**Q** 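Can you read through this structure? Questions will come right after.
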Amino acid sequence: MKLSVTTWNINSVRLRSDQVRQFLENERPDILCLQETKCPDDKFPFKELKSFGYPFITNVGQKGYNGVAILSKYPFSSTQVMSMCERMDARHIAITLAPEAKQAAGITIHNFYVPAGGDIPDAVLNPKFAHKLQFLAEMRAWGERNRKLGAPGILVGDLNIAPLEHDVWSHKKLLDVVSHTPLETETLETLRQEAGWVDGMRHLRPEPEKIYSWWSYRSPDWAAADKGRRLDHIWLTEDLAPVLKSMHVTKETRGWERPSDHAPVTAILEL
DNA sequence: ATGGTTGGAATCCAA
C-alpha cells in the first residue's frame, strides 16, 4: 500500500480552509499535518475539514498564534501533545496509526512547529532566538529518547530552519539571517542525525538541487525572484527510508490568491 | 543600509 503524508504551514486554517479543500482534492494525501492554524480549539473547523474526506482529525490550538493539527483518512490508536519550553504553546501534536491503517499501523507521525526565532540571531539580545534554541535543545533530548523506543516514525513540520547550502537562494547572503545561521543549521543537523532521522527530501533529491518550501510575503514578485528557503521538512526513521518513493513541494499553492507563504511538502511511501 | 507583507486581535505582535 501507498502512504502519503503532507506537511503545510497554512497560516490560519479558518482563512484558508477552502485552499485546504482544493489541495486535498488535487492530491488526496492520506495524512495532512498543518501548522500555524491560529485558531482556538472552540473555533477549529472540524466539521468542514471532515467533509473533505478526512474523518479523523486531532488538533491543539490557541488564540491568535501557533496551533497544529493532523487530518487523516485512517483512524489513529493514540494522540499525543508535548508541551515544549514549559509554555502552553501549541507547537507539537502526534498520532499513531491504528490497525485499520494496515501496513501503516503503528507508525507514529509527529507534527512540529518550531519557533521562528525573531530577527536577531543572538540569544542574549533576542529572547525569541533563545526560545528557538531552547526548543531545539528539547527536541534533541526528546529525539534521543524517542530513538530508543525503536518504533517506526515520521517527523514533519515547519522547522523554521533551512539546514543545507542549497536549501536557500543564497547561502552567503543568509549566513547571518535567522533560519540559516551556522548555529541553527548545525544544531538541527546534529539533532536529526543523533535521533536517527533521515531527511526525506535530501535522501531522494540530494544537493546541489535547490529546493524551497517558503517564499516571503515581502517579495513583490516572489516567483520571478525565487528567493526561497526550505523550512518545511519530512524526516523518517531509518527503517522507513528504503520505502520512501517520492518527495515533492506543491509550489502551485504559493501562486493562489491570498496564499500561505509556505507550500505543502509531501512524502509518498510504499509499505 | 533599509524596508518590504501578512494574519489575528486589538489598535500591535509574531512571522
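Atom set for the values below is all heavy atoms of this structure, side chains included, hydrogens, waters and symmetry mates excluded. In this text, all values refer to a predicted model and were calculated from it rather than measured experimentally.
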**Q** Could you check how far CD of A/Q62 sits from P of B/dC13, rounded to whole Å?
**A** 17 Å
**Q** For A/D158 and B/dA14, give me the distance from atom CG to atom P, rounded to whole Å.
**A** 17 Å
**Q** Using a heavy-atom cut-off of 4.0 Å across all strands, would you classify A/R91 as base, sugar-phosphate, or nothing?
**A** sugar-phosphate
**Q** Compare the minimum distances between each of B/dA9, B/dT5, B/dC13 and the side chain of A/Y65, then state the nucleotide with the smallest one.
**A** B/dC13
**Q** May I ask you to decide if A/Y65's main-chain N or O and A/E36's side chain share a donor-acceptor pair within less than 3.5 Å?
**A** no
**Q** To the side chain of A/A116, which of B/dT5, B/dA15, B/dA9 is closest?
**A** B/dA15
**Q** Rounding to a whole Å, what distance do you find between A/I120:CD1 and B/dA15:P?
**A** 14 Å
**Q** Flag the pair A/K2 and A/E270 as a salt bridge only when some basic side-chain nitrogen lies within less than 4.0 angstrom of an acidic carboxylate oxygen.
**A** yes
**Q** Taking B/dA15 as the reference, what is the distance to B/dT2 when you measure between their P atoms (whole Å, please)?
**A** 23 Å
**Q** Is a donor on one side and an acceptor on the other found under 3.5 Å between the side chain of A/T250 and the backbone of A/E252?
**A** no
**Q** Can you measure A/H180 atom NE2 to B/dA15 atom P for me and round it to whole angstrom units?
**A** 21 Å
**Q** Does the distance from a Lys or Arg side-chain N to an Asp or Glu carboxylate O, for A/K227 and A/D221, drop under 4.0 Å?
**A** no
**Q** Just the rounded figure in Å: distance from C1' of B/dA15 to CG of A/N9.
**A** 9 Å
**Q** Just wondering, do A/R202 and A/H166 contact through their side chains at under 4.5 Å, heavy atoms?
**A** yes
**Q** Expressed in whole Å, how much space separates the C1' atoms belonging to B/dT11 and B/dG7?
**A** 15 Å
**Q** Under 4.0 Å between a side-chain N/O of A/R218 and OP1 or OP2 of B/dA15, yes or no?
**A** no
**Q** Starting at CH2 of A/W214 and ending at P of B/dA14, how long is that distance when rounded to a whole Å?
**A** 18 Å
**Q** With a cut-off of less than 4.0 Å, is there a side-chain N or O of A/K63 near OP1 or OP2 of B/dA9?
**A** no
**Q** Can you check the distance between B/dT5 and B/dA9, where both ends of the measurement are the P atom (answer in whole Å)?
**A** 23 Å
**Q** Taking for each residue the nucleotide of DNA chain B bearing the nearest heavy atom, is the 5' side occupied by A/K38 or by A/H262?
**A** A/K38
**Q** Phosphate oxygens OP1/OP2 of B/dG7: is one of them under 4.0 Å from a side-chain N or O of A/R14?
**A** no
**Q** Would you mind reading off the distance between A/E36 atom CD and B/dC13 atom P, rounded to a whole angstrom?
**A** 17 Å
**Q** Nearest whole Å is fine: how far is B/dA1 P from A/D176 CG?
**A** 12 Å
**Q** Toward the 5' end of DNA chain B, which comes first, A/P220 or A/D119, by nearest nucleotide?
**A** A/P220
**Q** Any donor and acceptor pair, going by atom type alone, linking the side chain of A/Q19 with main-chain N or O of A/I10 inside 3.5 Å?
**A** no
**Q** Can you tell me how far P in B/dA14 sits from the matching atom in B/dA10, rounded to whole Å?
**A** 13 Å
**Q** Given B/dA9, B/dA15, B/dG7, identify the nucleotide with an atom nearest to the side chain of A/K128.
**A** B/dA15
